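Structure, as structure tokens:
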Amino acid sequence: MGIAAIASLLALTLAALLRSKRLWSITAVSSGYGLVACVQGYVAWVVPSIGLTLQHYLTSIFTLTSYAALLWMSTEVMQFKEKIPWAHKLMAGTALFTLLLIICVPLNLYQEAIYLQAIIYLFTGIIFLIACLYIWWKEKFQLANLILGISPLLLMLVSLSGLMSMLHWLPYHSSIYVIWQYGLIINMLLVVGTVVFQVYRQRIKAFNKKKMAEELHFEREARAHQRQFMGIVAHESRTPLAIITASLANLRQVSSGNNHQVTRRYEKIERATERLVQLTHNCLSDARLSASQLSIERHPHSLLALITSAASLIPLSDHHSWKLTQEKQAINAYTHPEAETASTLAIDSALMRIALSNVIDNAVKYSPGGTIHIDLSRQQDHWAISIRDQGTGIPPDRAGMIFERYRRAVPSDSSRGVGLGLHVSRQIVRAHGGELTLAENTSSACRFIFTLPVQPKNSQEA
């Protein structure tokens, strides 16, 4: 009884400290020691005046509650609620029904209650064994789960043997009760130790998860500050770049047009300036997208005129050219006003110009030469803009990430950009309710397709 008291006190203390249902269920099993105390006559010895009568009723009550507690502990230890929900409901229902059988004690129906409990307990024990075997097989017979399951299973078999001997279904052997008493102690210590170890591992896992969440939060804050800084730098660069662009235009006008070398230098400066302007626009758009401050201001605008405007912003080498078609038919938006009017769509022209120029610029940068084919077509409920280059394609291992921020098709080549263009373009198109996809990727060409809905979705306008 002294060892039992220590084991029960240990289980109670750990259950209160760790707040674990499994440990509370193990503590409930210690009610079996109340039955031992009654059988050994401790109650009659402590209170001799009413000891025999009280001991008689307590023996009946503890007999019923100890089996209910063992069922509860078995389902909690094996985690039936998470692993086999139907078995958990069956075990919990059986334990509750066994507790309700206590009503039979004052009604002098204890013998009937014990018979009913024995039948239910035998059926439940078989279900518990099958459920344990299923869990062990599913979890590949892990040692910790084996120990957790075998301990209450053996205790259940011993208690069932004692119940059957009490009903004279089996011959009486005093060793059954001795094994049952020590089995309670061993089971509690073994299960408590294993459960504490599992709780400890769960606490370590929760601590690591919390630490990872904190690090992720700090990283997100750092990235937000980084994007904010880039946005500030890009915004502050707009004025100096505008001054450089205007001054360059003035210098070209006043300089001699006969000096071919000077003209070429001006063209190089102009292309470099335009490149900086485009990078500035991308950084500003990315900062606004990340901060959820991107406001779409829709106005009717010709897609043909917009494509022509976006393509004209991209400097072409002597080996590059671009061709605009509509429905595969060559067209010039400036010489065909009716086509320009027919392709009118309510969009934010400034943002869409950035999106289109980014993709066209990529087509030029990643192509050694050739014609950039741009085709505009009307589908049933959307417009499609196809941009096809004559480059060497995107490596297959990079094709799935080119739309991510700061990812490039050729990561080692930083001279072609910082990896913002496609990301910004896709976000701008999605803000319009459309999509930007890589429709073709071969060793001889890449083709990107913009899709824009004819009727804008209200959820995408803000």
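Predicted model only: the values in this text are computed from it and were never measured.
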Contacts of type side-chain hydrogen bond (donor to acceptor under 3.5 Å, both in side chains), residue [X], not counting sequence neighbours:
| X | answer |
| --- | --- |
| H373 | none |
| R388 | none |
| T437 | none |

Might you point out which heavy atoms bring [X] and [Y] nearest each other, and give the distance in Å?
| X | Y | answer |
| --- | --- | --- |
| N441 | I394 | OD1-N, 2.8 Å |
| H301 | I347 | CB-CG1, 4.2 Å |
| A131 | F80 | CB-CZ, 3.5 Å |
| S312 | S309 | OG-O, 2.7 Å |
| S349 | L306 | O-CD1, 3.4 Å |
| S357 | I314 | O-CD1, 3.4 Å |

Give, for atom [atom1] of [X] and atom [atom2] of [Y], the distance between the pair rounded to the nearest 0.5 Å.
| X | Y | atom1 | atom2 | result |
| --- | --- | --- | --- | --- |
| T98 | L101 | OG1 | CG | 5.5 Å |
| L129 | Y134 | CG | OH | 15.5 Å |
| T308 | R353 | OG1 | CZ | 10.5 Å |
| I204 | K211 | CD1 | NZ | 11.0 Å |
| I387 | I360 | CD1 | CD1 | 4.5 Å |
| K365 | D389 | NZ | CG | 12.0 Å |

Side chain of [X], backbone of [Y]: donor and acceptor closer than 3.5 Å?
| X | Y | value |
| --- | --- | --- |
| D348 | E297 | yes |
| R447 | A439 | no |
| H320 | S367 | yes |
| R298 | H432 | yes |

field: L116 and F97: CA distance, side-chain angles, deciding distance, side-chain contact (heavy atoms from CB on, under 4.5 Å) verdict
entry: CA-CA 10 Å; L116 184 58; F97 180 77; 3.6 Å; yes
message: Run the ring pair (Phe, Tyr, Trp, His ring centres under 6.0 Å) test against F403 and tell me which residues pass, sequence neighbours left out.
response: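 For F403, no residue satisfies ring pair (Phe, Tyr, Trp, His ring centres under 6.0 Å) once neighbours in sequence are set aside.
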- request: With the side chain counted from C-beta on, respond yes when L356 and V359 share a heavy-atom pair under 4.5 Å apart, and no when they do not.
  value: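 The answer is no; the side chains never approach within 4.5 Å.
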message: Do L99 and T65 have side chains that approach each other closer than 4.5 Å (heavy atoms only, starting at C-beta)?
response: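 SC-SC contact between L99 and T65 confirmed.
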Salt bridge (Lys or Arg N to Asp or Glu O under 4.0 Å) contacts touching residues 91-101 (sequence neighbours left out):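 Matches after skipping sequence neighbours: none remain.
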Worked check of side-chain contact (heavy atoms from CB on, under 4.5 Å) between I402 and F448: CA-CA 12 Å; I402 56 174; F448 290 86; 3.9 Å; yes
message: As a quick check of understanding, evaluate side-chain contact (heavy atoms from CB on, under 4.5 Å) for W383 and L303, giving each step before the final call.
response: CA-CA 9 Å; W383 285 94; L303 290 178; 3.6 Å; yes
task: Not counting sequence neighbours, which residues clear side-chain contact (heavy atoms from CB on, under 4.5 Å) with S377? List them please.
output: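 Partners of S377 under the side-chain contact (heavy atoms from CB on, under 4.5 Å) test: E327, D375, Q379, A384.
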field: Check against side-chain contact (heavy atoms from CB on, under 4.5 Å), K81 and T75
entry: CA-CA 8 Å; K81 187 174 183 180; T75 184; 6.0 Å; no
